[in-house]
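Data block below; observations after.
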Amino acid sequence: MMKYVYLTTGTADFLQKIAEKFKKENITLFFGSDHALLFHETNGKTVFQMPRKYEILESTGSVPVKGYALFHYIPVRDEDSPVFEHKLSKRPRRLDNADEFLAARILRPMKNHTYLIITFWKSKEAFKAWKDMEEFAFPDEKDRSIEVNKIKMYAGPSYLNEYYIGLNEIDE
């Protein structure tokens, strides 16, 4: 059975009410710098009214109830999706042994062309320490990124959003 992720954004107060209303669903609240996000992972339909819908291509670990998440959005032209997914499947698997790495999701968009790769960490500091270690351990690695042929393959520039899970650490 296919598994899906649905995302919706809004104010933290509003999304907290939705999360509380649907406690039996697998919904997680994320806090960003200027908005909040609800993450719903399910085999079926979502409780959100107007979500962004993704199919899970790859899933590692469980989404934590507290921590740090980095969302990497990569807009890929439709005709290049098979090549992009092949490149993803052949990438080095270094995260699995990273300290304080908790989980990851690689998501295929269902209605647009922007793939989403999410990594979940115990803390922002844990992510930064891993990133620094990667750059130190593999300084000459030219093909570190899964992004290939950015000019021809991509429908636009990729971008990152960071979120805190469980409590709004950005405001603290």
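Side-chain atoms are counted along with the backbone in the values below, which use heavy atoms only and exclude waters and symmetry mates.
- Considering only residues two or more places apart in sequence or on other chains, Tyr54 meets the side chain to side chain donor-acceptor pair (under 3.5 Å) condition with none of them.
- Stacking of Lys53 on the aromatic ring of Tyr4 is recorded, both the 6.0 Å distance cut-off and the 45° axial limit being met.
- Interatomic distance, Lys124 NZ to Tyr164 OH, rounded to the nearest 0.5 Å: 4.0 Å.
- Closest of all the heavy-atom pairs between Ser158 and Pro75 is CA-CD, 3.9 Å.
- Residues Val83 and His86 fail the side-chain proximity criterion, which asks for heavy atoms closer than 4.5 Å.
- With contacts defined as side-chain heavy-atom distances shorter than 4.5 Å, the pair Phe39/Thr8 does not qualify.
- With contacts defined as side-chain heavy-atom distances shorter than 4.5 Å, the pair Glu125/Ser123 qualifies.
- Taking CG from Asp34 and OG1 from Thr11, the interatomic distance works out to 12.0 Å, rounded to the nearest 0.5 Å.
- When side chains are defined from C-beta on, Phe127 does not count as touching Glu100, because their heavy atoms never get closer than 4.5 Å.
- Put simply, CG on Leu107 and CZ on Arg52 are 11.0 Å apart, with the number rounded to the nearest 0.5 Å.
- Atoms CZ and OH, from Phe120 and Tyr163 in turn, are 11.5 Å apart once rounded to the nearest 0.5 Å.
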Quiz: residues 55-63 side-chain donor-acceptor pairs under 3.5 angstrom, not counting sequence neighbours:
residue	atom	partner	partner atom	Å
Glu55	OE1	Arg108	NH1	3.0
Glu55	OE2	Arg108	NH1	3.4
Glu58	OE1	Arg91	NH1	3.4
Glu58	OE1	Arg93	NH1	3.1
Glu58	OE2	Arg91	NH2	2.6
Glu58	OE2	Arg93	NH1	2.8
Ser59	OG	Arg105	NE	3.2
Ser59	OG	Arg105	NH1	3.2

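- Between His113 and Val76, every side-chain heavy-atom pair lies at or beyond the 4.5 Å cut-off.
- Annotation: side chain of Phe71 is not in contact with side chain of Ile117 (no heavy-atom distance under 4.5 Å).
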Under 3.5 Å, side-chain donor or acceptor atoms of residues 19-32 against the rest of the protein: list the pairs with distances, not counting sequence neighbours.
residue	atom	partner	partner atom	Å
Glu20	OE2	Gln16	NE2	3.0
Glu25	OE1	His40	NE2	2.8

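- Contact of the Pro51 side chain with the Leu7 side chain is not registered, since no non-hydrogen atoms from C-beta on lie closer than 4.5 Å.
- A ring-centre distance under 6.0 Å is not found for Tyr73 and Tyr115.
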(request) Run the numbers on Ile18 and Phe48 for side-chain contact (heavy atoms from CB on, under 4.5 Å), then give the verdict. (result) CA-CA 9 Å; Ile18 293 173; Phe48 304 156; 4.3 Å; yes
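- Between Trp121 and Phe101, a ring centre-to-centre spacing shorter than 6.0 Å is recorded.
- From Leu37, atom CG reaches atom NE2 of His35 across 5.5 Å, with rounding to the nearest 0.5 Å.
- Leu160 CG to Leu70 CG: the interatomic distance, rounded to the nearest 0.5 Å, is 5.0 Å.
- Residues Tyr68 and Glu162 meet the side-chain proximity criterion, which asks for heavy atoms closer than 4.5 Å.
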